[in-house]
Amino acid sequence: MNKIFLDPTYSNYEKNNLFNAYDTVLNRDDTLEPFIKLKLDLEEQGFQVYTYDFRKIFTDEELAGSGYISLGNMQNLEDIKKYNLRPLAFFIMEPPLVLIKPYKNLAYLSNLFEKVFIHNLEGDCYSLQGVKVESLRKFYWPQPYPGVVNKYWEKSDRKLRVVIINGHHRPKRMLKKELYSDRIRWGVKLNEYIPVDLFGRGWNKLLSKASLWTPYIFNYSRIKKIYRGPCASKLEVMSQYEFALCFENLKMNGYITEKIFDCFYSGVIPVYLGGEDITKWIPSKCFIDLRNFKSAEVLAKHLKALGKIEKQHYRENAKKFLESSEGQKYVSLYKMIFL
């Protein structure tokens, strides 16, 4: 095995764009850095690394024995036997709220791949029926930096406001556990007591399919008041604020994405809502737990009352976590897969 192919979920990452540090859209805030680093780590071990579409330049004989890693794509799984590829790892990055197919086919995937990386191992929000559980591994969402980004984290001139950076989406399933609607309700209600600025794509498109649901339509006029448009760099925008409303898309154990890490990197204090087990993975002193507040008014009073020293403690605790052995689990895909 001297070749390893990574199969991205979306076609815009093909043609080796998964490793393209110069694409300012795909690599916003260095989000491709974990994959670029994985490629470099593998090349140091003597492997040739490509996105999977490059298989077409090789003969069947040259492909035989090559390693295959899927980042959630299930369209090419028949090729594993056809080309005699080695199924090293399958990553289920999206939650079942967004992409249900890998969860429905988890039994098949766990028997096909040597390792299947998933957000939790206990079957929260998915079924373990027929699954080869010894193939499952805890997935740590890959992050670009091993510590804070100093030019943002050290910024002291911050607004006593709350920032939200999320694209506008409508949930299609798992309505009892989705957090899209909670993000809207808390954002517009919080703005009554402390200023809130919302950034992201799609929030001003009233006549889109994503907008045809009650929480968005009911709150549209209030969303317009806090919406500030898209942003080129999340970290740069976040560094201007004291607090960020940081909601995952789904209440699922172990599901921790880049959202809270972006806060840590930029020095903004996250007001967090996600899986019930968040403190199992990230220390409670690194963020403000929204579950501790019964209303937006109570939360706003708490945020306004925090002193400079208290706020700095949150930032320092987050910095220590990033640099800790637990924080480093989110940095290296190579270690996650091979060690």
Side-chain angles (χ1 to χ4, degrees), residues 1-77 79-80 83-94 99 102 109 112-119 135 137-147 149 233-235 256-258 261-262 265 322-323 325 327-339:
M1 183 176 71
N2 66 342
K3 302 179 188 68
I4 293 182
F5 294 93
L6 272 69
D7 199 355
T9 307
Y10 304 105
S11 60
N12 50 346
Y13 292 100
E14 294 178 348
K15 300 180 181 179
N16 278 353
N17 281 324
L18 185 65
F19 318 116
N20 187 356
Y22 302 102
D23 189 315
T24 57
V25 176
L26 295 180
N27 196 36
R28 182 179 73 162
D29 294 319
D30 296 322
T31 52
L32 295 183
E33 184 60 27
F35 307 103
I36 296 169
K37 182 67 165 55
L38 174 60
K39 184 175 187 290
L40 292 173
D41 287 338
L42 288 169
E43 287 173 343
E44 287 183 2
Q45 301 299 319
F47 295 103
Q48 302 170 35
V49 182
Y50 310 90
T51 51
Y52 186 62
D53 52 297
F54 272 83
R55 75 192 182 282
K56 298 175 183 178
I57 70 174
F58 299 103
T59 66
D60 290 2
E61 291 75 16
E62 290 172 325
L63 288 174
S66 297
Y68 175 82
I69 297 171
S70 175
L71 301 178
N73 194 347
M74 295 185 62
Q75 295 181 356
N76 301 309
L77 298 187
D79 291 358
I80 291 175
Y83 298 122
N84 193 23
L85 303 176
R86 180 179 172 184
L88 295 172
F90 190 97
F91 284 86
I92 304 181
M93 301 181 70
E94 297 288 6
L99 191 63
L109 294 172
L112 177 62
F113 284 86
E114 295 176 16
K115 296 177 182 178
V116 176
F117 290 88
I118 193 165
H119 292 285
S135 297
R137 300 290 187 277
K138 165 68 177 134
F139 175 50
Y140 297 88
W141 194 284
Q143 303 300 324
Y145 310 115
V149 182
S233 168
K234 291 190 289 183
L235 301 188
I256 303 166
T257 65
E258 82 289 347
F261 284 87
D262 288 340
Y265 292 142
L322 290 177
E323 296 170 351
S325 59
Q328 293 300 300
K329 290 180 180 179
Y330 295 84
V331 176
S332 174
L333 275 169
Y334 178 81
K335 291 181 179 178
M336 200 183 304
I337 298 170
F338 297 100
L339 300 181

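In this structure, the side chains of D60 and Y83 come closer than 4.5 Å at one or more pairs of heavy atoms. Side-chain contact between F113 and Y68: present, with at least one pair of heavy atoms (C-beta onward) separated by less than 4.5 Å. For the pair L109 and L77, the minimum side-chain heavy-atom distance is below 4.5 Å. At a threshold of 4.5 Å between non-hydrogen side-chain atoms, the residues R55 and L85 do not count as touching.
Heavy-atom minimum distance, L71 versus T9: O-OG1, 2.7 Å. Taking each heavy atom of I92 and F139 in turn, the nearest pair found is O-CD2, 4.0 Å. Heavy-atom minimum distance, L333 versus P142: CG-CB, 4.0 Å. Between F90 and N73 the shortest heavy-atom distance is CE1-O, 3.5 Å. In terms of heavy-atom proximity, L112 sits nearest to P87 at O-CG, 3.2 Å. Closest of all the heavy-atom pairs between Y145 and L235 is CE1-CD1, 3.9 Å.
Distance check: L38 CG to F338 CZ gives 6.5 Å after rounding to the nearest 0.5 Å. Residue D7 holds its CG atom at 11.5 Å from CE of M74, rounded to the nearest 0.5 Å. If you take CG on L40 and CD on Q45, they are separated by 12.0 Å, rounding to the nearest 0.5 Å. Going from atom CG of D53 over to atom OG of S11 covers 9.5 Å, rounded to the nearest 0.5 Å. In this structure, the separation between CD on E61 and CG on N84 is 11.0 Å, given to the nearest 0.5 Å. The structure places NZ of K329 at 10.5 Å from CE of M336, a figure rounded to the nearest 0.5 Å.
Of the possible donor and acceptor atoms, none in the side chain of Q48 sits under 3.5 Å from a partner among the backbone N and O of I4. When atom types are taken as modelled, the side chain of T31 and the backbone of P144 share no donor-acceptor pair closer than 3.5 angstrom.
Using the six-membered ring where Trp is involved, F58 and F5 have ring planes that are perpendicular, over 60° apart on the 30 and 60° scheme. The aromatic rings of W141 and H119 sit parallel to each other, their planes meeting at less than 30°, with 60° as the upper class boundary.
In this structure, K39 is not positioned above the aromatic face of F35 in the sense of NZ or CZ being under 6.0 Å from the six-membered ring centre and within 45° of the axis.
The pair K3-E62 does not meet the salt-bridge criterion, since no charged nitrogen lies less than 4.0 angstrom from a carboxylate oxygen.
Taking the salt bridge (Lys or Arg N to Asp or Glu O under 4.0 Å) definition, one finds that K234 meets it with E258, D262, sequence neighbours left out. Remark: D41 engages K37 in a salt bridge (Lys or Arg N to Asp or Glu O under 4.0 Å) (not counting sequence neighbours).
Sorted by first and then second residue, the side-chain hydrogen bond (donor to acceptor under 3.5 Å, both in side chains) pairs involving residues 16-28 (not counting sequence neighbours) are N16-T51, N17-N20.
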How far apart are the C-alpha atoms of F261 and L322, what are their side-chain angles, what is the distance that settles it, and do they pass the side chain to side chain contact (heavy atoms under 4.5 Å, CB included) test?
CA-CA 8 Å; F261 284 87; L322 290 177; 3.7 Å; yes
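Using modelled atom types, one finds no donor on one side chain facing an acceptor on the other under 3.5 Å when comparing Y265 with D29.
Surrounding NZ of K15 are at most 12 heavy atoms belonging to other residues, nucleotides or ligands under 6.0 Å away.
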